[in-house]
Amino acid sequence: CESVVGFCCFFFFCNSVCPGNMAYSRLPILLALAFSSLSFVLSHSNRETWFQDFFPPNVCPVNAKANTFYGIMFDAGSTGTRIHIYTFVQKSPENLPELEGEIFESVKPGLSAYADQPEKGAETVKRLLDVAIEAVPPHLWKKTPVVLKATAGLRLLSEEKAQALLLEVREVFEESPFLVPEDSVSIMDGSYEGILAWITVNFLTGQLSGQNQHTVGTLDLGGASTQITFLPRFEETLKETPGDFLTSFEMFNSTYKLYTHSYLGFGLKAARLAALGALNIEAVDGQMFRSSCLPKQLEAEWHFGGVKYRYGGKKEGETGFKPCYLEVLKVVKGKLHQPDEIRGSSFYAFSYYYDRAVDTNLIDYEQGGVLEVKDFERKAKEVCDNMERYNSASPFLCMDLTYITALLKEGFGFRDNTLLQLTKKVNNIETSWTLGATFHLLQSLGITC
Ligand SMILES: O=c1[nH]cnc2c1ncn2[C@@H]1O[C@H](COP(=O)(O)OP(=O)(O)O)[C@@H](O)[C@H]1O
Ligand SMILES: [Ca+2]
């Protein structure tokens, strides 16, 4: 069978039935096979070993029947909080567990918007947890782990405010009927975000099993941070890459080294603030931030990370793609590492790359699609040079598309014709770091059947 992205996915059984929002697609977790001899070592300063004995020798009674188990992973992102409830089925002790489906729900804004009201923030998590209470059968509640990992929104808050939020969430978890592991509520390191998303995408597209692996690189554009992750093919790349961008990864007795980096403050919404000159400014109250990427007459307010910003167009100055590009260029130029190797590669791109491509009809919301980097530039020009025509869409559409163009070309150094596979779901499973994180969670708890 063919996966939605056209890769041969020889281990997918694509018989899907989808009652309600429950997405069923039966993906035998061959990854488990890989991970049974897999260890994951961060090559930089604080070494850690992951994925050792993923799904360890199982402890099911010999005559055990098909067994279902669940994993609940919260993604506390800068723009929203999401719950991913994964269902796994182990048909018999000899068989590997299969990923059967995912239930996904989300709320906006993200936890960081409740920086001064941590209880209210935790209330949003509680509402999402009610979805899990409905989805997981009561007799499995106690065996089902629940974990929340926060990303860039909380990384940007003061330690005190972030901890207050995490504490409240932890209380919500403790009051729930689920299994609450130690360290169940935390801020995730940015490099894990990239690695786990890479594992998710390469697992879902079937690249982590079999002989001829052609892994794909991943690009995630969040609200506050952005990640790039790929498996370098050339020795040169490894030599010229700073050590903290590389992570060792062992599988089938081979060592792989992933290139990964998370750029804090380079997510789409943080970039808006940087372009407006409002990022990292202490007293923003009352101050007006103007940009040539915005409609001339525009004056409005915007809330991000619990702060209110006033922003508007340049009434007198020039507007349009050219001046906007120059403005946005300052945000990225010379700030990112540019590995030569990626110029000729294609990448999977999701989150805001996907959303903005959908907003401007570059791709279909359900299907996704393949774009070249220059398609974003073409669209940016079209929108920025005709801002009145796009007035009803977000006032930031011109700035967002221009930023994406500048980030890809001048930031990472991609070519105009670099191919991007825009993907939201593969076989009905969200392309999110949360699946990779759930594999790790189940492995660390020794949960199979
Ligand atoms: O499970 C998911 N599937 C697809 N896109 C997702 C998922 N979770 C978040 N996103 C996308 O991520 C973007 C928001 O980024 P986020 O709020 O996670 O910021 P951050 O990663 O900088 O903390 C949006 O484009 C949103 O659609
Ligand atoms: Ca994210």
Side-chain angles (χ1 to χ4, degrees), residues 4 21 23 72-86 101-115 121 124 128 131 148-157 162 165 186-198 200-201 204 218-229 260-274 279 303-306 348-360 363 365-366 368 394 396-397 400-401 403-404 407 421-438:
V4 282
N21 62 351
I72 306 171
M73 186 60 61
F74 276 89
D75 166 10
S78 65
T79 68
T81 304
R82 303 123 200 159
I83 186 170
H84 300 253
I85 306 159
Y86 297 104
E102 175 192 31
I103 293 172
F104 173 72
E105 211 51 77
S106 62
V107 292
K108 279 183 182 172
L111 276 185
S112 47
Y114 301 95
T124 65
L128 287 174
V131 177
L148 175 141
K149 292 184 186 294
T151 54
L154 258 67
R155 280 181 213 133
L156 287 171
L157 289 185
L165 279 162
S186 62
I187 299 177
M188 180 167 51
D189 185 287
S191 61
Y192 292 170
E193 212 174 333
I195 294 160
L196 294 171
W198 184 92
T200 297
V201 169
L204 291 175
T218 52
L219 295 169
D220 187 348
L221 179 58
S225 73
T226 188
Q227 292 80 39
I228 177 169
T229 309
T260 191
H261 197 74
S262 180
Y263 293 94
L264 188 58
F266 288 80
L268 191 73
K269 301 206 166 175
R272 287 180 185 173
L273 295 178
L279 194 66
H303 293 256
F304 186 64
Y348 267 60
F350 31 90
S351 6
Y352 278 122
Y353 294 112
Y354 194 94
D355 296 352
R356 290 300 168 267
V358 169
D359 296 343
T360 50
I363 56 166
Y365 174 76
E366 294 293 338
S394 156
F396 284 107
L397 193 56
D400 290 353
L401 289 166
Y403 174 66
I404 287 175
L407 176 67
Q421 171 73 54
L422 280 291
T423 307
K424 189 170 182 58
K425 289 184 181 191
V426 179
N427 277 13
N428 263 329
I429 307 288
E430 298 280 333
T431 49
S432 161
W433 55 261
T434 48
L435 178 61
T438 304

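In listed order, ligands and their atoms are each counted from 1.
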What pair of heavy atoms forms the shortest contact from [X] to [Y], and how long is it?
X	Y	value
F350	A197	CZ-CB, 4.0 Å
R356	L397	CD-CD1, 3.9 Å
S432	T200	O-OG1, 2.8 Å

Ligand 1 atoms in contact with [X] (distance to a heavy atom under 4.0 Å):
X	answer
K424	4 (C), 5 (N)
F104	1 (O)
H84	1 (O)
E193	21 (O)
D75	8 (N)
S225	22 (O)
T151	20 (P), 21 (O), 23 (O)
G77	17 (O), 18 (O), 23 (O)

Identity and distance of the protein heavy atom lying nearest [atom]:
atom	value
atom 4 (C) of ligand 1	E430 OE1, 3.3 Å
atom 17 (O) of ligand 1	T79 OG1, 2.6 Å
atom 12 (O) of ligand 1	S351 CB, 3.2 Å

Only one of S351, S262, S225 passes side chain to side chain donor-acceptor pair (under 3.5 Å) with D220; say which it is.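 Filter result, single survivor: S351.
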Counting only heavy atoms on the protein side, is anything nearer than 4.0 Å to atom 2 (C) of ligand 1?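 Within 4.0 Å: yes, protein heavy atom nearby.
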Side-chain H-bond candidate by donor/acceptor type, Y86 with T434, under 3.5 Å: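 Note: Y86 and T434 side chains meet the donor-acceptor criterion.
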Tell me whether the rings of Y365 and Y354 are parallel (<30°), tilted (30 to 60°) or perpendicular (>60°).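 Ring orientation of Y365 relative to Y354: perpendicular.
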What part of D355, side chain from CB on, backbone N/CA/C/O, both or neither, has a heavy atom under 4.0 Å from ligand 1?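 Side chain only; the backbone of D355 stays clear of ligand 1.
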Any F350 heavy atom less than 4.0 Å from ligand 1: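 No, that is not the case, since the closest heavy atom of the residue is not under 4.0 Å from the ligand.
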Going through the checks in order, is the side-chain contact (heavy atoms from CB on, under 4.5 Å) test met by V201 and T423? CA-CA 9 Å; V201 169; T423 307; over 6 Å; no
side-chain contact (heavy atoms from CB on, under 4.5 Å) for L157 and L165? Distances and angles first, verdict last. CA-CA 10 Å; L157 289 185; L165 279 162; 3.7 Å; yes
Is there any N or O on T431 that sits under 3.5 Å from an N or O of ligand 1?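 No.
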Hey, does A224 come in under 3.5 Å of ligand 1, counting only N/O atoms on both sides?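 Indeed, backbone or side chain, A224 has an N or O that close.
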I'd like the name of whichever of P109, G222, S432 reaches closest to atom 15 (O) of ligand 1 through any heavy atom.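 Looking at heavy atoms only, G222 sits closest to atom 15 (O) of ligand 1.
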Given M188, R82, E102, K269, which has its nearest heavy atom closest to atom 7 (C) of ligand 1?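 Selected option, by shortest heavy-atom distance: R82.
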side-chain contact (heavy atoms from CB on, under 4.5 Å) assessment of R272 paired with D400: CA-CA 7 Å; R272 287 180 185 173; D400 290 353; 2.8 Å; yes
OG1/T124 to OH/Y114 distance, rounded to the nearest 0.5 angstrom?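 Between T124 OG1 and Y114 OH, I get 5.5 Å after rounding to 0.5 Å.
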pair T79-K269: side-chain heavy atoms closer than 4.5 Å: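 They are in contact (side-chain heavy atoms under 4.5 Å apart), so the answer is yes.
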